Student: 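Let me give you the structure first, and then I'll get to my questions.
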Amino acid sequence: MQDQTNTSTSHSIDETDHGYNFAYLDEQTKRMIRRSILKAVAIPGYQVPFGSREMPLPYGWGTGGIQVTASIIGPEDTLKVIDQGADDTTNAVSIRRFFAHTAGVATTETTGDATVIQTRHRIPETPLTPGQILVYQVPIPEPLRWLEPRESETRKMHALKEYGIMYVRLYEDISRFGHISTAYDYPVIVNGRYLMRPSPIPKFDNPKMDNNPALQLFGAGREKRIYAVPPYTEVKSLDFRDYPFQIQKWEDSCALCGAADSFLDEIIIDDQGGRMFVCSDSHYCGERQDAGHRGRDPSEMPDATPNPTDIAETA
Amino acid sequence: MMQETEIPLLRVSRLTHYYDYIVGCRNVSFDLYPGEVLGIVGESGSGKSTLLNCISARMEPTGGSVEYDTRAEGMRDLFGLTEAERRMLMRTDWGFVHQNPRDGLRMSVSAGANIGERLMAVGARVYEDIRESSADWLSRVEFDTERMDHLPSTFSGGMQQRVQIARNLVTGPRLIFMDEPTGGLDVSVQARLLDLLRELVDDLGLSAILVTHDLAVARLLSHRLMVMRGGEVVETGLTDQVLDDPQHPYSQLLVSSVLQA
Ligand SMILES: [Zn+2]
């Protein structure tokens with residue numbers, strides 16, 4: 001939208017009508033972030049520092065992931081944003097709007113149609129494909145921080161691959177609970193070298209990171225770190241030989257689509273303690289229902305889609 | 001104990017350390033043989049802590065050398081090792097018992113995990129084996145294994161010290177450094193811990209370097225004594241000789257002041 005009297009300076013082609021550069025960040029910042037991403041891809045699992053910028057969203061809303069997405073997204077891309085597996089949470093909607101507004105990119109809820117997927121807390125159930133990029137929002141990037149507060153020391157531990165301490169945490173889990181109780185942000189070794197926090201995804205999703213055809217990028221805004229798992233890279237969850245890594249399992253299948261292979265959220269459906277399990281990945285669930293799949297006992301569920309006013313998600 | 005034909009485990013040569021222009025320790029040389037316990041005594045400021053920190057590779061000395069008979073490659077200069085090699089040595093073939101158990105234990109994890117950590121650091125990946133070793137070492141330091149899943153902060157000072165000792169011994173080290181290991185404990189607790197330390201050192205054939213200002217502790221644990229003053233060694237000899245018949249005037253003063261106390 002060029003000014004008719006032409007008194008203002010002409011906009012660069014990257015600039016949108018709103019006075020922002022394409023995807024909000026200026027080109028110099030994007031180049032700097034891309035350099036960090038390239039380094040992260042070259043050293044799988046290694047945390048690369050970057051000069052994190054202030055973003056017009058508070059920390060905790062995924063400013064690290066947003067900066068990564070802003071640096072890699074182009075006008076031809078199609079963006080999907082999920083939060084806890086759903087496309088329609090406030091956080092996901094805000095981020096999707098942000099990029100629709102600042103970059104004018106197409107958005108989608110369909111995993112297979114997206115070229116870039118920004119996520120908090122889940123990896124989509126639909127397998128990713130070559131060429132797709134999954135961007136994780138990371139609150140705390142350093143896996144050793146829980147036991148070693150000194151940054152100088154954790155750097156040294158990574159450099160020397162001193163990861164025995166991580167097993168101390170699993171040891172404590174087993175001693176206390178009889179099994180490895182860590183269920184989210186479950187530590188992994190990437191490419192047989194670097195210890196990595198996968199961000200607070202359920203350990204159910206850990207096996208999906210392994211040998212995935214998509215590029216996986218991780219952005220931590222507050223702590224100013226970027227790390228990556230390149231396509232087809234080994235990602236191994238830590239465990240003991242006598243307590244092997246296991247993913248979450250449910251006795252139920254999804255009440256809506258009958259999926260027995262997806263991560264289920266427990267939903268309270270009335271105030272008499274009634275509950276059901278449904279897919280956390282709302283797009284996956286919807287796609288299955290559209291294809292005619294239904295929950296195990298449809299007689300108890302006359303309308304496969306529950307009335308949203310009756311649903312309160314458990315904490 | 002010291003046979004002339006034997007190869008020393010540790011060889012310290014003309015070790016010198018300056019803090020800017022202040023002498024920490026100067027020109028200290030000695031050999032430590034397998035199974036030998038060397039006591040380093042002196043008042044605070046005598047340089048004994050500086051010396052201990054340099055010998056144990058916690059600090060790089062200004063001059064001189066420290067060589068150690070590594071399992072893989074024999075005598076190696078500590079500061080010629082890579083940092084990775086040095087750190088591996090420190091947590092496998094060596095132990096370090098701090099005066100304050102907080103400096104030697106992870107207070108946020110259980111006693112069992114504190115001991116198991118050193119095994120996991122060298123690749124132990126079978127939980128039941130790790131736990132069994134932890135329990136075994138805890139019982140060897142006369143610690144109630146019923147409490148192995150409790151945090152160190154719930155133990156008395158003497159019990160914390162036992163956990164610290166077990167943590168050091170679990171990897172089967174050959175050399176233990178001890179910095180006032182019974183300092184700050186009640187006299188009765190101290191006596192029992194000293195007995196335990198002496199038994200362990202004897203049973204396991206450990207070599208040890210003990211730094212203390214307490215001549216009674218030095219007499220009970222060490223075979224040989226080094227008396228330090230102003231960063232230098234003023235007298236060296238068999239423990240009983242040094243304590244019963246000190247030659248240097250400063251050693252005489254040190255021994256007599258203890259006897260008067
Ligand atoms: Zn479903």
Side-chain angles (χ1 to χ4, degrees), chain A residues 43 46 140 142-183 185-190 192-195 203 206 234-246, chain B residues 57-58 60 81-92 94 102-138 144-154 163 166-168 170-171:
Chain A
I43 316 171
Y46 174 77
I140 303 167
E142 178 50 69
L144 299 165
R145 183 68 67 235
W146 71 285
L147 210 56
E148 182 50 70
R150 291 167 298 173
E151 175 70 20
S152 58
E153 186 65 15
T154 54
R155 275 167 185 268
K156 196 170 285 177
M157 291 160 83
H158 282 294
L160 301 176
K161 208 181 167 186
E162 289 181 1
Y163 295 144
I165 206 175
M166 255 352 253
Y167 289 88
V168 170
R169 183 162 161 189
L170 304 184
Y171 173 98
E172 289 287 75
D173 267 6
I174 299 169
S175 302
R176 229 176 291 166
F177 307 108
H179 63 277
I180 298 174
S181 60
T182 302
D185 214 349
Y186 191 105
V188 295
I189 295 278
V190 179
R193 178 57 183 86
Y194 282 99
L195 179 69
K203 64 180 177 181
N206 275 23
E234 184 195 65
V235 176
K236 196 179 176 313
S237 303
L238 264 49
D239 62 3
F240 288 109
R241 238 169 286 157
D242 47 347
Y243 286 84
F245 173 77
Q246 287 178 326
Chain B
R58 299 162 68 80
E60 187 161 354
L81 298 174
T82 64
E83 187 170 27
E85 289 173 322
R86 205 157 49 229
R87 282 167 73 107
M88 182 58 86
L89 185 69
M90 290 167 88
R91 58 169 191 250
T92 55
W94 289 6
R102 287 181 170 274
D103 296 332
L105 290 176
R106 295 197 184 275
M107 301 304 280
S108 59
V109 303
S110 68
N114 262 286
I115 294 158
E117 182 187 343
R118 275 177 62 123
L119 295 172
M120 293 182 249
V122 293
R125 295 291 178 264
V126 179
Y127 172 84
E128 290 301 340
D129 292 354
I130 295 163
R131 190 169 176 81
E132 205 178 293
S133 293
S134 292
D136 179 41
W137 278 102
L138 283 170
D144 179 8
T145 52
E146 292 285 302
R147 299 179 70 193
M148 72 182 285
D149 294 328
H150 297 202
L151 294 179
S153 54
T154 64
V163 176
R167 175 176 158 94
N168 277 288
V170 69
T171 51

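Chain identifiers are assigned alphabetically (A, B, ...) following the order of the sequence lines, protein sequences preceding nucleic acid strands; residue numbering begins at 1 within each chain. Bear in mind the structure is a predicted one, so any value in this text is a computation, not a measurement.
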Student: Counting only non-hydrogen atoms closer than 4.5 Å, does B:M148 touch chain A with its backbone (N, CA, C, O), its side chain (CB onward), both, or neither?
Tutor: side chain
Student: With a 4.5 angstrom heavy-atom cut-off, could you sort out which part of A:L160 is near chain B: side chain, backbone, both or neither?
Tutor: side chain
Student: If you count the non-hydrogen atoms of other residues, nucleotides and ligands that lie under 6.0 Å from CZ in B:R102, is the total more than 12?
Tutor: no
Student: With chain B, which of A:K161, A:M166, A:E172, A:R176 has the greatest number of heavy-atom pairs at distances under 4.5 Å?
Tutor: A:E172
Student: Determine whether more than 12 heavy atoms belonging to other residues, nucleotides or ligands lie under 6.0 Å from atom CD of B:E128.
Tutor: yes
Student: Would you confirm whether B:E117, through its side chain, and A:G164, through its main-chain N or O, come within 3.5 Å as a donor-acceptor pair?
Tutor: no
Student: Which of the residues B:A121, B:A113, B:G116 is involved in the greatest number of heavy-atom pairs with chain A at under 4.5 angstrom?
Tutor: B:A113
Student: Once you measure the plane-to-plane angle for A:Y171 and B:Y127, does it fall in the parallel (<30°), tilted (30-60°) or perpendicular (>60°) bin?
Tutor: tilted
Student: Quick check on the interface: out of A:L170, A:I165, A:I174, who has the most heavy-atom pairs with chain B under 4.5 Å?
Tutor: A:I174
Student: Less than 4.5 Å apart, any side-chain heavy atom of B:R106 and any of A:V168?
Tutor: no
Student: Would you give the length of the straight line joining atom CG of A:L238 to atom CZ of B:R125, rounded to the nearest 0.5 angstrom?
Tutor: 7.0 Å
Student: Side chains of A:F240 and B:I130: does their closest heavy-atom pair fall under 4.5 Å?
Tutor: yes
Student: Let me know if B:R118 has heavy atoms under 4.5 Å from chain A in its side chain, its backbone, both or neither.
Tutor: neither
Student: Atom CZ of B:R87 and atom NZ of A:K156: how far apart are they, to the nearest 0.5 Å?
Tutor: 5.5 Å
Student: What pairs with A:K236 under side-chain hydrogen bond (donor to acceptor under 3.5 Å, both in side chains), at least two apart in sequence or on another chain?
Tutor: none
Student: When rounded to the nearest 0.5 angstrom, what is the spacing between CZ in A:R169 and CE in B:M120?
Tutor: 13.5 Å
